[in-house]
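To start, the structure under review is shown below, and the notes come after it.
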Amino acid sequence: LSLVAELLGKFEKSAWLIDTSVKRAGEIPFLLYQKGRALFQAKDYAGANTAFSKTYDLGLKTTETSLFSGAVSYAQGDCYSVVEYFSGLDKGTVQSLNLAAVIAECQAQRGEFDKALAFAEEAAQKSAKSSEMWIEVGRIHEIYRFDSSKALTAYDAALKSANGDMKDWL
């Protein structure tokens, strides 16, 4: 019934129906996942995050739960969780959603500088938006490694790979 309510655009009712099921059946990951979807569509992002996080913790690790929980964690400045949530995503998803810079930055904030640099450099070499990734490589060298010469090399690579407005900005 909750899916029917969702299809009819009655997202609050959908979430209420799922809550009723959870009270009777317990915290089943799929039910919590559905609740998260309904709450997200009702624009209750905090409630959706709670449901998706619980779903993830209970073992239902989908791309959607990983992305949503990772995005909320990033917004809250929790880089430890961001790396955990995004590490299970396939490379195609990371590339298509431009998450490589976020992952590299969070790895650096966790103190994993070598890992962050290796990840960012690999992404820069493979990315269609390599100038953005080379900027991230430069930032890691400059801010976390205090190595201005390697930072300048990365920034130069960003300039060479940039086009249009990005080239003017750099």
Side-chain angles (χ1 to χ4, degrees), residues 29 32-170:
L32 295 171
Y33 173 80
Q34 286 302 112
K35 181 179 178 181
R37 286 175 29 92
L39 292 172
F40 185 81
Q41 291 178 17
K43 298 188 180 1
D44 178 358
Y45 302 119
N49 182 51
T50 300
F52 280 141
S53 292
K54 193 171 274 193
T55 297
Y56 187 90
D57 292 343
L58 291 172
L60 185 61
K61 294 174 172 50
T62 66
T63 299
E64 189 174 25
T65 58
S66 296
L67 285 171
F68 192 82
S69 298
V72 170
S73 295
Y74 184 75
Q76 295 172 339
D78 180 6
C79 278
Y80 283 91
S81 296
V82 170
V83 173
E84 178 187 326
Y85 288 128
F86 288 169
S87 66
L89 297 173
D90 64 81
K91 288 184 180 187
T93 300
V94 170
Q95 184 176 4
S96 68
L97 296 175
N98 297 318
L99 296 173
V102 171
I103 294 169
E105 177 65 28
C106 284
Q107 288 172 329
Q109 285 188 27
R110 289 172 55 153
E112 300 170 347
F113 309 122
D114 292 335
K115 192 174 181 179
L117 283 167
F119 184 82
E121 287 171 355
E122 179 182 346
Q125 292 166 359
K126 294 180 179 179
S127 175
K129 296 184 176 186
S130 63
S131 56
E132 294 173 16
M133 286 310 304
W134 284 118
I135 290 170
E136 181 62 26
V137 170
R139 270 184 43 51
I140 293 169
H141 279 299
E142 183 177 4
I143 294 171
Y144 298 104
R145 289 289 190 177
F146 307 108
D147 189 337
S148 58
S149 77
K150 287 185 180 177
L152 285 172
T153 301
Y155 293 145
D156 187 47
L159 181 61
K160 287 178 184 173
S161 64
N163 50 35
D165 291 340
M166 175 70 92
K167 192 168 203 130
D168 293 340
W169 180 79
L170 288 170

For [X] against [Y], the heavy-atom pair lying closest together:
X	Y	value
P29	L58	CG-CB, 3.7 Å
A104	A116	O-CB, 3.3 Å
M133	A123	CE-CB, 3.9 Å
L32	A51	O-CB, 3.5 Å
C106	V83	CB-CG2, 3.7 Å
V137	A120	CG2-CB, 3.6 Å

Checklist entry - Is the number of heavy atoms from other residues, nucleotides or ligands within 6.0 Å of OH (Y33) greater than 12? => result yes
Next on the checklist: For K61, I'd like to know if atom NZ has over 12 heavy atoms of other residues, nucleotides or ligands within 6.0 Å.
Outcome noted: yes
Roughly how far, to the nearest 0.5 Å, is [atom2] of [Y] from [atom1] of [X]?
X	Y	atom1	atom2	result
Y74	S81	OH	OG	14.0 Å
E121	W134	CD	CH2	5.5 Å
Y85	I103	OH	CD1	14.5 Å
L67	F86	CG	CZ	6.0 Å
S149	E142	OG	CD	11.5 Å
K91	K126	NZ	NZ	4.5 Å

Next on the checklist: Do the side chains of D114 and R145 get close enough for a salt bridge, i.e. N-O under 4.0 angstrom?
Outcome noted: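 Result for this pair is yes, salt bridge flagged.
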Item to check | Close side-chain approach of K115 to R110, heavy-atom, < 4.5 Å | outcome: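 Of all side-chain heavy-atom pairs linking R110 with K115, none is under 4.5 Å.
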Item to check | Working for side chain to side chain contact (heavy atoms under 4.5 Å, CB included), residues T62 and T55 | outcome: CA-CA 9 Å; T62 66; T55 297; over 6 Å; no
Checklist entry - Hey, mind stepping through E84 and Y56 against side chain to side chain contact (heavy atoms under 4.5 Å, CB included) and telling me if it holds? => result CA-CA 11 Å; E84 178 187 326; Y56 187 90; 3.8 Å; yes
Item to check | Audit row: I140, F119, side chain to side chain contact (heavy atoms under 4.5 Å, CB included) steps and yes/no | outcome: CA-CA 11 Å; I140 293 169; F119 184 82; over 6 Å; no
Checklist entry - Taking it one step at a time, do H141 and F146 satisfy side chain to side chain contact (heavy atoms under 4.5 Å, CB included)? => result CA-CA 6 Å; H141 279 299; F146 307 108; over 6 Å; no
Item to check | Side-chain donor-acceptor pair present, Q109, E105, cut-off under 3.5 Å | outcome: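 Checked: Q109/E105 side chains pair up, N/O donor to acceptor below 3.5 Å.
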